[in-house]
Amino acid sequence: MAFSLALSSNCFSSTNIRREDFVLPRSRLLPNSWLSSLSSRSFSFPTRSTVYKPRILTGGSLKCSLPSRPDYVPNRISDPNYVRIFDTTLRDGEQSPGATMTSNEKLVVARHLSRLGVDIIEAGFPASSPDDLDAVRSIAIEVGNHPIGDDGHIPVICGLARCNKRDIDAAWEAVRHAKKPRVHTFIATSEIHMKHKLRKTREEVVSIARDMVAYAKSLGCRDIEFSPEDAGRSDREFLYHLLAEVIKAGATTLNIPDTVGYTLPSEFGQLIADIKANTPGIENVIISTHCQNDLGLATANTLAGAYAGARQLEVTVNGIGERAGNASLEEASGYHGTIQVVIAMKCRQELLGGLYTGINTKHIVMASKMVAEYTGLHLQPHKAIVGANAFAHESGIHQDGMLKHKGTYEIISPEDIGLARANESGIVLGKLSSHQNKLNVWEAVNKHLHSLTDIIFPKRLTLDLHSGRHALRCRLLEFGYDIDGKELDDVFKRFKEVAEKKKRISDEDLEALISDEIFQPPVIWSLEELQATCGTLGLSTATVKLIASDGEERIACSIGTGPVDAAYKAIDSIVEVCCVAPTVPAVLKEYALNAVTEGIDAIATTRVVISGDGSHTSTHALTGQAMHRTFSGSGAAMDVVVSSVRAYISALNKMLGFVSAMKASKETPKNISSSVE
């Protein structure tokens with residue numbers, strides 16, 4: 001179901017809406033030069049049938065309901081203003097170093113992407129490893145056949161493949177179980193890639209691309225996406241010719257990637273416009289964009305591509321991905337910067353010709369949290385849309401404006417993306433609230449809120465030792481966590497343990513606790529008891545009791561350079577990592593410890609990254625090189641050693657689960673062709 005677009009109050013008259021009201025001089029439409037080179041093209045605005053009378057909301061803002069999502073046809077969109085969102089968090093996003101997710105975590109993320117309203121989910125690169133093939137197949141079977149949200153939407157499930165038969169066989173085997181399967185194949189087209197990486201001529205590249213698209217079609221796939229890798233640096237005439245050939249061979253979507261994030265928005269927009277104007281048969285396919293963020297322009301380039309005629313945008317949650325990442329879903333929606341892409345389209349619809357997507361923005365925050373926790377790649381506070389400071393206001397001048405009217409300093413409402421904040425105006429009293437500014441805020445408070453305590457201590461439930469299960473669940477619902485049953489019991493137990501030591505539980509404390517409970521891999525080993533000693537008078541020692549998934553208890557004691565080192569060595573001896581890697585135990589690659597809040601009684605959160613013996617690898621989609629698997633884990637506790645142990649066990653569970661899945665895959669025969677073109 002399409003989301004609602006917030007429009008400025010001067011976009012329409014309050015009574016009559018006419019199409020001619022939208023006709024503005026091009027200088028008004030494009031006040032900046034970022035798309036000025038597109039002036040040779042004409043762009044149409046929405047027809048009368050796609051413009052709706054706005055309804056007045058509180059504060060004078062307007063909201064306009066858009067048509068529902070068009071029926072899915074691979075190579076055609078019935079509404080020219082609808083833009084498909086192609087999420088590649090599970091494929092390109094997982095290529096971020098240390099971002100490995102388990103098959104179960106990928107399935108959970110895929111379910112939420114479906115609930116979010118993503119049109120196409122690129123679930124992985126099936127040829128990279130048996131585990132990835134199994135993960136994509138599981139997503140195709142479950143998410144690709146059953147609606148998750150209330151609107152009945154079922155996303156397309158896509159698998160990536162290089163232009164060879166083995167990859168395409170693996171991709172088709174993985175996605176063919178979905179109701180709407182897609183194979184996405186690619187080959188490099190820039191001179192530098194063809195000469196130094198492929199070592200092939202232009203004619204050979206065209207032949208391979210054409211033949212492999214035709215091969216995918218011969219398998220029974222009717223939804224085929226083709227990408228000319230490094231299109232941003234490819235020769236235009238060669239690109240037009242190659243794209244025309246793959247269209248004739250059966251491609252339904254042409255994805256134009258700025259693989260190395262090299263182009264500027266004006267260049268990338270012009271590239272899309274030129275492809276649309278000069279490629280024979282282009283009217284029979286959907287044009288897509290895929291923009292990397294090497295120069296920080298992924299979201300801008302993605303929007304430029306949409307403005308120029310692209311009707312599919314490839315993005316990732318939180319913008320994660322290779323090197324500097326991708327366009328962010330939240331910015332464009334905005335994803336790959338996906339979130340940013342979607343929100344940018346939502347805020348600036350009048351400049352983008354009425355473009356809209358099917359994203360339900362209220363699920364954005366939860367998608368962001370889920371991906372951050374599962375990958376271990378946490379966001380910087382100033383991250384657009386979903387960062388911790390995105391809706392916080394510390395400057396006294398800004399605070400005064402926010403108290404008078406939220407539209408003075410917020411172009412979107414945090415509630416629109418599923419965010420609940422401690423007070424209505426996002427006020428943060430701090431160093432930038434000077435004496436005069438505080439007087440301004442105080443005056444505004446007296447006028448609008450009557451008491452400064454409404455800012456400092458907003459009228460919400462205060463959670464402490466005496467709070468019950470229902471109060472905790474209500475607060476968690478405000479954060480977007482709808483949990484009950486055993487999950488709620490586990491969180492409530494941890495909440496009580498912390499409440500016995502802290503007088504008041506902050507929202508940040510709750511976030512840390514719930515992340516430590518629900519965003520964890522399947523339990524193979526769990527911590528039961530831990531005792532550690534350390535200091536300057538002797539060796540550090542740790543005694544650890546773990547419980548296996550079958551209920552067996554194991555105890556070990558070890559010494560180390562410190563309490564954390566000693567505890568980790570004790571854990572290694574219990575879980576017998578040597579059974580996984582006969583000569584090399586788990587190797588700690590990264591360790592980070594942070595306090596959730598200020599104060600000596602703050603909860604500590606720990607993130608670790610470990611690796612095994614290096615025998616478990618997957619194939620990189622772009623380079624073809626073997627990548628050694630790493631596994632991240634997170635933990636939270638008021639004791640820093642306990643927090644560290646929880647994180648280490650989380651990472652070990654993830655690694656042991658992966659090894660178990662790999663063994664199961666090897667024992668199950670796969671009907672995949674081994675031929676390579």
Side-chain angles (χ1 to χ4, degrees), residues 88-110 121-144 157-178 181-186 215-216 219 221 374-375 521-522 524 577 579-582 586 610-632 651-677:
T88 183
T89 301
L90 299 176
R91 200 278 302 169
D92 196 322
E94 209 207 4
Q95 289 178 195
S96 299
T100 303
M101 287 184 275
T102 66
S103 297
N104 184 64
E105 288 170 344
K106 292 177 183 178
L107 182 59
V108 173
V109 171
I121 297 175
E122 188 168 51
F125 177 35
S128 67
S129 69
D131 180 65
D132 211 31
L133 190 150
D134 288 342
V136 176
R137 183 193 287 117
S138 297
I139 292 170
I141 292 172
E142 181 169 333
V143 182
I157 305 300
C158 175
L160 183 70
R162 292 165 296 186
C163 272
N164 65 64
K165 289 184 177 180
R166 178 182 176 278
D167 278 23
I168 292 172
D169 284 338
W172 179 241
E173 166 60 26
V175 303
R176 66 183 178 85
H177 308 279
R182 175 186 290 193
V183 170
H184 177 194
T185 188
F186 70 95
Y215 178 70
L219 295 177
C221 183
Y374 283 154
T375 62
I524 297 176
V577 178
C579 293
V580 179
I610 65 172
S611 64
D613 64 344
S615 62
H616 303 294
T617 61
S618 59
T619 303
H620 193 286
L622 300 183
T623 66
Q625 296 178 340
M627 300 186 300
H628 296 296
R629 288 270 182 172
T630 59
F631 305 88
S632 64
L652 281 174
N653 281 338
K654 197 177 278 193
M655 184 174 76
L656 295 172
F658 173 78
V659 172
S660 177
M662 290 288 288
K663 289 180 178 178
S665 296
K666 290 178 181 178
E667 294 170 0
T668 304
K670 299 290 189 302
N671 183 27
I672 299 176
S673 171
S674 60
S675 60
V676 179
E677 190 66 18

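All values below come from the heavy atoms of this structure, side chains included, with hydrogens, waters and symmetry mates left out. Since the model is a prediction, treat every value here as computed from it, not as a measurement.
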Flag the pair [X] / [Y] as yes when at least one side-chain heavy-atom distance between them is below 4.5 Å, and no otherwise.
X: P181; Y: I157; value: no
X: L219; Y: D169; value: yes
X: F125; Y: D167; value: yes

Considering non-hydrogen atoms only, spot the tightest contact between [X] and [Y] and give its length.
X: V143; Y: A110; result: CG1-O, 3.8 Å
X: F186; Y: L160; result: CD2-CD1, 3.7 Å
X: S103; Y: A135; result: OG-CB, 3.7 Å
X: A174; Y: L133; result: CB-O, 4.0 Å
X: G124; Y: R91; result: C-CG, 3.5 Å
X: A123; Y: I139; result: CB-CD1, 3.9 Å

request  = Start with the C-alpha gap between T375 and M101, add the side-chain angles, then the distance that decides, and say whether side chain to side chain contact (heavy atoms under 4.5 Å, CB included) holds.
outcome  = CA-CA 6 Å; T375 62; M101 287 184 275; 4.1 Å; yes

ask   = Where the side chain of T185 meets the backbone of A161, is there a donor-acceptor pair that is under 3.5 Å apart?
value =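 Yes.
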
inquiry  = I'd like to know if the side chain of K654 reaches the main chain of S632, judged simply by a donor and an acceptor atom lying under 3.5 Å from each other, with no hydrogens or angles considered.
reply    =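 Answer holds: yes.
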
Nearest-0.5 Å distance that lies between atom CD in E122 and atom OG1 in T89 =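 That separation rounds to 10.0 Å.
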
inquiry  = Would you compute the distance between atom OG of S129 and atom CG of D134 and round it to the nearest 0.5 angstrom?
reply    =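 So the gap between those two atoms works out to 8.5 Å.
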
Tell me every residue that passes side-chain contact (heavy atoms from CB on, under 4.5 Å) with [X], counting only those two or more places apart in sequence or in another chain.
X: I524; value: N653, L656
X: I141; value: R137, H177
X: S138; value: none

request  = Go through the steps to decide whether K106 and Y374 satisfy the test side chain to side chain contact (heavy atoms under 4.5 Å, CB included), and finish with yes or no.
outcome  = CA-CA 9 Å; K106 292 177 183 178; Y374 283 154; over 6 Å; no

